[in-house]
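Both backbone and side-chain heavy atoms feed into the values below; hydrogens, waters and symmetry mates do not. By convention here, the first residue in the shown sequence is residue 1.
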Amino acid sequence: MTDRETLRAAVLGAGTMGTGIAQLLLQAGAAVALVDPSPAALERARASLGDLFARLAAKGRLEDDPGALLARLSTAGDLGAAADAAWVIEAAPEDLALKRELFARAAAAAPAARLATNTSTLSVTAIASACPDPERVLGLHFFNPPGLMRLVEVVPGVRTATAVVEEAVALVRRLGREPIVAKDAPGFVVNRLARPFYLESIRLHAEGVPVETVDAALRGAGFRMGPFELLDLIGIDVNLAASESVYRAFFEEPRFRPHPLQRAMVEAGLLGRKTGRGFYL
């Protein structure tokens, strides 16, 4: 697709990731339907995008008028809004049963669309099996926040058509991101590599090493953020879900076992920046 104004897309989920993916699509010239059953979530997403576009425009970092971008954004509570979409990108919570149910409905609602899941650790093949035509399903894993993180993992399932993979790579480049094609293996590339980064750090802290010491050591090794700073940023609950998913996918390989401290913090509501307290205030 070469016409910048012809792309129509739907994003399922108006949380942080869904809102960020919608941002990239709007800035790439797409008309976007943001779908979420929560009217409050949709209202927050629209307000957040309006504020973001205004800030970017004030800094001279936005090609289009903020009002023109928001004019291409529609919101809806049901999947009927995705009917004419060329791409449907799901950004729902990391729950296999939920995603399978959502993809079965999306496949029926948007019979001509390419269907993409933003899962970070679940099997794309397992999600696609809920659809009558899994050839048009694949993973498009954006990283938080999508507007700043350039990498996107393009993950074909076992039955994904080659042409759909090629179209996904082209879409990611159109969004100004850097695609890498990854195997449909536990954690793909980044979350597979990130498990020791987080888990070894948490084990060190549980044995008495201060989080500040661990973070300083990793920053000194060249990382932009230490593991505990990053845990607080992305959400300790989100990280726990990813850790548990990779652990199960590797048939409970001990080196991927989540630490009890993660679950204790989630149960205590200490989730990081979104609750005001995690490993840091």
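Using a 3.5 Å distance cut-off with no hydrogens or angles, the side chains of Arg46 and Thr75 do not pair a donor with an acceptor. In summary, the side chains of Thr121 and Glu94 do present a donor paired with an acceptor at a separation below 3.5 Å, with no hydrogens or angles considered. Side-chain contact of Arg159 with Thr125: a donor-acceptor pair under 3.5 Å is absent, judged by distance alone.
Taken to the nearest 0.5 Å, the CD atom of Glu200 stands 10.0 Å off from the NE2 atom of His259. Atom CG of Leu69 and atom CD of Glu63 lie 10.0 Å apart (nearest 0.5 Å). Note: Lys183 NZ to Arg192 CZ = 13.0 Å, rounded to the nearest 0.5 Å. Between Trp87 atom CH2 and Arg114 atom CZ the span is 7.0 Å, to the nearest 0.5 Å. Atom CG in Leu171 sits 11.5 Å away from atom CZ in Arg173 (nearest 0.5 Å). In this structure, CG in Asp95 is found 11.5 Å from CZ in Arg100, a value given to the nearest 0.5 Å.
When side chains are defined from C-beta on, Met17 counts as touching Asn144, because their heavy atoms get closer than 4.5 Å. Side-chain contact between Val137 and Val164 is absent, with no heavy atoms from C-beta onward closer than 4.5 Å. Using a 4.5 Å cut-off on side-chain heavy atoms (C-beta onward), Arg263 and Pro260 make no contact. Counting heavy atoms from C-beta on, the side chains of Ser123 and Asp184 come closer than 4.5 Å. Within the 4.5 Å cutoff, side-chain heavy atoms of Lys99 are placed close to those of Leu122. No side-chain heavy atom of Glu90 sits under 4.5 Å from any side-chain heavy atom of Val11. Using a 4.5 Å cut-off on side-chain heavy atoms (C-beta onward), Gln23 and Leu52 make contact. The side-chain heavy atoms of Val35 and Val88, taken from C-beta on, include no pair separated by under 4.5 Å.
Here the closest non-hydrogen pair linking Leu96 and Ala126 is CD1-CB, 4.1 Å. Across every non-hydrogen atom of Ala76 and Ala81, the tightest pair is CB-CB, 3.5 Å. Heavy-atom minimum distance, Ser201 versus Pro227: OG-CG, 3.2 Å.
Remark: Asp232 does not engage Arg273 in a salt bridge, criterion side-chain N to carboxylate O under 4.0 Å. We find that Asp237 and Lys274 are joined by a salt bridge, their nearest charged nitrogen and carboxylate oxygen being less than 4.0 Å apart. Taking 4.0 Å as the cut-off between side-chain N and carboxylate O, Arg248 and Glu252 do not count as a salt-bridged pair.
Follow the hydrophobic side-chain contacts under 4.5 Å out from Leu140 and you reach Val181 in the same cluster. There is no path of hydrophobic side-chain contacts, each under 4.5 Å, that joins Val155 to Leu102. Both Ile89 and Leu42 belong to a single network of hydrophobic side chains, linked directly or stepwise wherever heavy atoms of I, L, V, M, F, W or Y lie under 4.5 Å apart. By the rule that hydrophobic residues join a cluster once side-chain heavy atoms approach within less than 4.5 Å of another member, Leu79 and Phe103 end up as members of one cluster. Residues Leu175 and Ile180 do not share a hydrophobic cluster, clusters being chains of Ile/Leu/Val/Met/Phe/Trp/Tyr side chains in contact below 4.5 Å.
Test Thr19, Leu24, Val152 against Pro146 for side chain to side chain contact (heavy atoms under 4.5 Å, CB included) and you get one pass: Leu24.
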Criterion side chain to side chain contact (heavy atoms under 4.5 Å, CB included) on Leu34 and Ser74, from CA distance to verdict: CA-CA 6 Å; Leu34 186 58; Ser74 61; over 6 Å; no
When you look at Glu135 and Asp133, which way does the side chain to side chain contact (heavy atoms under 4.5 Å, CB included) test go after all the steps? CA-CA 5 Å; Glu135 295 79 10; Asp133 44 1; 3.6 Å; yes
Run the side chain to side chain contact (heavy atoms under 4.5 Å, CB included) check on Gln262 and Asn239 step by step: do they pass? CA-CA 8 Å; Gln262 292 170 279; Asn239 183 267; 3.0 Å; yes
Test side chain to side chain contact (heavy atoms under 4.5 Å, CB included) on Gln27 and Leu62 and set out the steps. CA-CA 8 Å; Gln27 289 182 239; Leu62 196 66; 3.8 Å; yes
So Glu207 and Arg203, salt bridge (Lys or Arg N to Asp or Glu O under 4.0 Å) or not? Walk me through it. CA-CA 6 Å; Glu207 293 171 3; Arg203 290 178 184 127; over 6 Å; no
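No donor-acceptor distance shorter than 3.5 angstrom exists from the side chain of Glu229 to the backbone of Asp215, with no hydrogens or angles considered. The main-chain N or O of Gly157 is found under 3.5 Å from a side-chain atom of Thr160 such that the two form a donor-acceptor pair. Panel note: side chain Arg136, backbone Ala107; a donor-acceptor pair is recorded below 3.5 Å. Listed for the Asp65 side chain is a donor-acceptor partner under 3.5 Å among the backbone atoms of Gly67. Formation of a donor-acceptor pair under 3.5 Å by the Thr275 side chain with backbone atoms of Gly272 is found in this model. Without hydrogens or angle criteria, Arg195 side chain to Asn191 main chain gives a donor-acceptor distance under 3.5 Å. Side chain of Glu153 to backbone of Val190: a donor-acceptor contact under 3.5 angstrom is found. No donor-acceptor distance shorter than 3.5 angstrom exists from the side chain of Arg8 to the backbone of Ala86, with no hydrogens or angles considered. Counting only distance, with no hydrogens or angles, the side chain of Asn118 and the backbone of Phe142 share a donor-acceptor pair below 3.5 Å.
If you look at Phe250 and Phe256, their ring centroids are closer than 6.0 Å.
Other residues, nucleotides and ligands place no more than 12 heavy atoms under 6.0 Å from the CZ atom of Arg277. Under a cut-off of 6.0 angstrom, the local environment of CD in Glu43 is sparse, with at most 12 non-hydrogen atoms contributed by other residues, nucleotides or ligands.
Side-chain contacts under 4.5 Å among hydrophobic residues (ILVMFWY), followed directly or transitively, place Leu204 together with Phe197, Tyr198, Ile202, Val209, Val211, Val214, Leu218, Phe223, Met225, Phe228, Leu230, Leu231, Leu233, Ile234, Ile236, Leu240, Leu261, Met265, Val266, Leu270, Leu271, Phe279, Tyr280.
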